[in-house]
Protein chains: 2
Amino acid sequence: MIDPFDDTYFMKRAFQEAEAAFEKNEVPIGAVIVIKNQIIARAHNLTETLNDVTAHAEMQAFTAAADYLGGKYLKDCTLYVTLEPCQMCAGASYWTQIGKIVYGAKDEQRGFEHYKTQLHPKTKVIGGILEAECSELVKRFFIEKRNLN
Amino acid sequence: MIDPFDDTYFMKRAFQEAEAAFEKNEVPIGAVIVIKNQIIARAHNLTETLNDVTAHAEMQAFTAAADYLGGKYLKDCTLYVTLEPCQMCAGASYWTQIGKIVYGAKDEQRGFEHYKTQLHPKTKVIGGILEAECSELVKRFFIEKRNLN
């Protein structure tokens with residue numbers, strides 16, 4: 001049986017958030033948090049809008065998801081994010097005890113895997129879902145930005 | 001000439017924030033951010049109050065300091081925090097490009113130095129300012145908490 005709610009389905013929702021960031025002239029990264037096939041948080045990068053380098057999509061999504069659930073921990077949740085999380089966001093995920101992280105494109109320079117950020121022992125990680133699309137969007141953003149300056 | 005605004009002076013201000021957290025039944029960690037001997041942000045751990053594991057003293061202080069300065073980066077600022085920052089907070093400090101981090105007690109289990117979190121190349125670190133007091137406060141918190149349960 002085909003599961004309509006697979007990782008690609010939810011990554012597409014995260015990608016829509018990344019597109020919303022792009023429209024706001026933000027580095028286009030989006031995230032959703034899912035529990036039992038239900039999206040309980042959506043967010044996109046807002047570092048420019050909020051003038052706050054900590055306003056990554058994941059950080060906002062963690063806060064929103066905990067608020068929705070009424071508990072601090074996200075043990076049964078999955079984070080879908082279009083770019084591999086950075087050290088800060090991976091470090092935050094440790095505290096949330098999130099069950100699973102699914103990311104789109106790899107971030108060779110700033111991603112947590114390169115820096116070996118410690119995740120919670122119960123957190124599983126899958127990378128490369130919709131990788132090409134997620135990566136392309138970020139590349140396009142920086143090309144357009146460069147051409148404008 | 002004695003400088004009244006030395007690291008101990010500002011760590012005492014961070015310690016007052018940690019005491020405020022203690023009073024709220026929060027793990028007692030406090031932080032201030034200073035630029036040119038002026039405190040521009042004060043914060044203490046609010047993870048229980050806000051039901052948000054990302055609400056560490058440092059994260060709030062970074063956001064408040066950037067808001068005060070009107071710029072995203074904290075290059076000329078110093079963070080004073082009573083406990084060695086975790087991976088998340090150290091990862092956030094990377095993005096702020098903060099000039100200096102001064103911490104009180106070492107966090108052997110969750111501190112960023114153990115996990116080798118990458119700081120911004122321009123960030124200097126000093127540990128052990130008011131170490132005994134900062135460490136004692138956290139220990140006292142957990143002893144009291146244990147006795148209540």
Side-chain angles (χ1 to χ4, degrees), chain A residues 26-27 29 31 33 41 43 45-75 77 79 84-98 107 109-121 123, chain B residues 26-27 29 31 33 41 43 45-75 77 79 84-98 107 109-121 123:
Chain A
E26 297 277 0
V27 178
I29 303 165
I33 291 180
N45 179 36
L46 284 174
T47 50
E48 296 299 325
T49 306
L50 298 180
N51 187 41
D52 183 352
V53 292
T54 74
H56 287 193
E58 302 95 308
M59 299 299 286
Q60 298 173 67
F62 291 146
T63 299
D67 192 49
Y68 177 86
L69 292 175
K72 288 204 308 285
Y73 302 112
L74 307 177
K75 294 180 194 192
C77 297
L79 166 72
E84 182 191 346
C86 72
Q87 299 183 108
M88 170 181 72
C89 295
S93 82
Y94 178 98
W95 295 116
T96 68
Q97 302 184 14
I98 199 156
D107 186 349
Q109 293 199 307
R110 300 280 176 259
F112 78 95
E113 290 181 331
H114 171 70
Y115 290 114
K116 301 184 171 59
T117 306
Q118 180 73 45
L119 299 185
H120 192 272
T123 304
Chain B
E26 297 277 358
V27 178
I29 302 164
I33 291 180
N45 178 38
L46 284 174
T47 50
E48 296 298 324
T49 307
L50 298 180
N51 187 41
D52 183 351
V53 293
T54 73
H56 286 194
E58 302 96 310
M59 300 300 285
Q60 299 173 66
F62 291 145
T63 299
D67 192 49
Y68 177 86
L69 293 175
K72 288 205 305 284
Y73 303 112
L74 307 177
K75 294 179 194 195
C77 297
L79 166 72
E84 182 190 347
C86 72
Q87 298 184 109
M88 169 181 72
C89 295
S93 84
Y94 179 97
W95 295 116
T96 68
Q97 303 184 15
I98 199 156
D107 187 348
Q109 291 199 308
R110 301 280 175 258
F112 78 95
E113 290 181 328
H114 171 69
Y115 290 114
K116 298 185 174 58
T117 306
Q118 180 74 43
L119 300 185
H120 192 274
T123 304

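So you know, we letter chains A, B, ... as the sequences are listed, proteins then strands, and number each from 1. This one's a predicted model, so the numbers in the text were calculated from it and none came from an experiment. The basis for the numbers below is simple: all heavy atoms, side chains too, and nothing from hydrogens, waters or symmetry mates.
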Inter-residue atom distance A:H114.NE2 - A:Q87.CD, 0.5 Å rounding: 9.0 Å
B:H56 backbone acceptor or donor facing B:N45 side chain under 3.5 Å: no
Whatever's closer than 4.5 Å to a heavy atom in chain B on A:Y94 counts as side chain
Count the heavy-atom pairs under 4.5 Å between each of B:A55, B:C86, B:A65 and chain A, then report the option with the highest count. B:C86
Looking only at the side chains, is there a donor atom on one of A:T49 and A:E26 sitting less than 3.5 Å from an acceptor on the other? yes
Applying a strict 4.5 Å limit to non-hydrogen atoms, the region of A:T54 in contact with chain B is side chain
Reported CE-to-CZ distance for the pair A:M88 and A:F112, which is rounded to 0.5 angstrom: 14.0 Å
